[in-house]
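To keep things clear, I will list the structure first and then write my remarks on it.
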Amino acid sequence: MRLTRYFLPVLKENPAEAQIVSHRYMLRAGMIKQQAAGIYSWLPLGYRVLKRIEQIVHEEQARAGHIPLLMPTLQPADLWRESGRYDDYGQEMLRIKDRQDREMLYGPTNEEMITDIFRAHVTSYKDLPLTLYHIQWKFRDEMRPRFGVMRGREFLMKDGYNFDVDKASALHAYNRHMVSYLRTYERMGLTAIPMRADSGPIGGDDTHEFLVLASTGESEVFFDSAVTDLKLGNREVDYDNRDEVAAICREFTTLYARTDETHDPAVFDQIPEARRKVARGIEVGQIFYFGTKYSEAMGAMVTTADGGKVPVEMGSHGIGVSRLLGAIIEASHDDKGIIWPEGVTPFPVGIVNLKQGDAAADAACEGLYKALAAKGLEALYDDRDERAGAKFATMDLIGLPWRITVGPRGLANGIVEVTSRRTGVSEEMTPDAAVARIAQIYADV
RNA sequence: CGGAGCGUAGCGCAGUCUGGUAGCGCACCUGCUUCGGGAGCAGGGGGUCGGAGGUUCGAAUCCUCUCGCUCCGACCA
């Protein structure tokens with residue numbers, strides 16, 4: 001993408017309403033525009049990151065064997081009357097009437113609807129296990145939206161629902177989600193710690209929240225610092241192997257890590273003092289096992305091998321997709337702007353032409369741009385007629401992890417600079433070597 | 001929903017107390033000079049002062065109502 005043809009409305013000054021760093025930078029980098037309290041338009045740069053995050057979620061769900069579909073944002077009220085939640089949900093549910101005076105609602109989550117789909121088409125244990133998910137906009141009419149996309153009223157969420165014939169299978173689905181989520185967050189450059197939590201209005205027995213540590217987090221968390229060293233990495237996981245998946249879950253949940261809802265000081269105090277940490281965290285996902293709560297209320301039954309009928313065992317599992325942008329920025333920025341992890345960056349690399357209009361510099365930049373494209377890497381080429389300082393400031397603000405700097409001075413010696421946004425370290429090399437270097441960095445992202 | 005604030009140009013703000021030609025910085029447009037970390041000079045465009053009603057010779061400014069937004073708190077992916 002050539003910057004002169006893009007839409008990137010960056011702001012030099014801090015918008016007054018933005019209190020936390022991720023909100024400030026998202027506004028300043030031209031990623032979002034507020035349209036109402038807690039409701040945002042996603043401008044091109046923000047939209048690109050959102051799509052990157054969605055793609056990672058889809059890939060990891062596929063790896064775990066979960067099936068994507070898409071349910072609507074508007075739902076009929078009657079479905080929610082069946083589960084009893086139409087009355088329970090309260091003011092947070094946005095209720096709407098259509099022209100026939102039918103009661104509708106803007107979905108805050110989808111347990112009822114997915115159960116409705118399931119019961120209409122699945123009647124036998126032979127069709128299980130089944131896990132369906134979608135990535136769709138949700139609406140919760142928060143009392144106080146704040147912090148930009150971190151607590152919006154309209155937000156994009158991945159929500160998945162597992163259907164299993166018995167509790168052991170449902171718990172395997174729970175574990176499978178935990179492992180797939182660990183990998184999902186790691187690919188986004190995040191350390192998200194699964195913490196035993198409280199189930200809240202969804203109900204159920206087992207639940208973990210995934211917390212990203214950040215001083216601006218809304219939850220107080222208590223943990224053994226050793227948990228932050230745990231990494232799933234690139235290990236091969238057989239998601240159908242119950243023991244293997246369960247073992248990974250034990251690895252990540254044995255050390256103490258809890259939110260204030262489940263915190264137990266007596267247990268916490270047994271951790272060696274140097275590793276005892278109290279911090280704040282941003283909740284970026286949650287997994288629940290809730291058994292037959294919805295299947296019983298809504299009549300989602302399957303026939304078992306011995307001819308009986310049982311309500312299906314369920315759980316639900318969510319990732320706050322739009323919130324993740326805020327969480328990633330909170331976890332990865334400096335005083336100049338955002339620092340995107342390679343996994344989610346809107347563009348893999350930026351090209352800065354220090355002297356637009358200089359024949360050699362223009363030609364070198366065009367050459368780099370095309371060579372990168374040929375390797376499947378879409379650079380953001382700053383081809384504006386701006387001074388070097390302005391271009392650097394823009395690149396630093398929008399946070400592309402790598403920058404290639406091209407100027408007449410270097411080109412006279414046949415070299416360009418490759419600079420890491422994270423470390424600030426620059427290396428001089430030929431344009432060909434720069435392309436190879438960037439390609440190698442992204443080879444296994 | 002309780003408490004506290006704020007709505008003046010695309011953004012950040014002054015002007016409101018004490019009514020009298022609507023301003024500043026950034027951004028934008030034109031020209032010249034400049035050009036490896038948000039350039040300089042000169043010129044220029046842009047605002048029914050959130051909205052409605054009222055008081056007044058005269059309202060951004062005073063009064064009433066209303067809409068929107070932000071912050072603190074209780075709730076939440």
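We name chains A, B, ... by the order of the sequence lines, and we start the count at 1 in each one. The basis for the numbers below is simple: all heavy atoms, side chains too, and nothing from hydrogens, waters or symmetry mates.
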Ring centroid separation for A:F290 and A:Y174, is it under 6.0 angstrom?
-> no
Under 6.0 Å between the ring centres of A:F210 and A:Y185?
-> yes
Rounded to whole angstrom, note down the [atom1] distance from [N] over to [M].
N     : M     : atom1 : answer
B:C62 : B:G20 : P     : 11 Å
B:U18 : B:C13 : C1'   : 22 Å
B:U16 : B:C49 : C1'   : 11 Å
B:U56 : B:G51 : P     : 23 Å
B:G73 : B:U48 : C1'   : 39 Å
B:U34 : B:A9  : P     : 37 Å

Under 4.0 Å, heavy atoms only, any strand: does [X] hit a base, just the sugar-phosphate, or nothing?
X      : result
A:G38  : nothing
A:G407 : base
A:A388 : sugar-phosphate
A:T394 : base

Okay, side chain of A:D164, backbone of A:P129: is any donor-acceptor separation there less than 3.5 Å?
-> no
Relative to the 5' end of RNA chain B, which residue comes earlier, A:Q34 or A:I319, by the nucleotide with the nearest heavy atom?
-> A:Q34
5'-most contact on RNA chain B: A:Q19 or A:V406, nearest heavy atom basis?
-> A:V406
Starting at [atom1] of [X] and ending at [atom2] of [N], how long is that distance when rounded to a whole Å?
X      : N     : atom1 : atom2 : value
A:F392 : B:C35 : CZ    : C1'   : 12 Å
A:E92  : B:A74 : CD    : P     : 16 Å
A:E386 : B:G40 : CD    : P     : 13 Å
A:R144 : B:C75 : CZ    : C1'   : 11 Å
A:R28  : B:C26 : CZ    : P     : 16 Å
A:N14  : B:C26 : CG    : C1'   : 13 Å

State whether the distance check finds a donor on one side and an acceptor on the other, under 3.5 Å, for side chain A:R387 versus base B:U34.
-> yes
Measure up the A:W42 and A:W137 rings against each other and bin them: parallel (under 30°), tilted (30 to 60°), perpendicular (over 60°).
-> tilted
Report the relative orientation of the aromatic rings in A:H66 and A:H177; use parallel for angles under 30°, tilted for 30 to 60°, perpendicular for over 60°.
-> parallel
Give a yes/no answer on whether the side chain of A:K355 brings an N or O atom under 4.0 Å of OP1 or OP2 in B:C35.
-> no
Are any of A:R409's side-chain N or O atoms less than 4.0 Å away from OP1 or OP2 of B:G36?
-> no
Within 45° of the ring axis of A:F222 and under 6.0 Å from its six-membered ring centre, is that where the NZ or CZ of A:R258 lies?
-> no
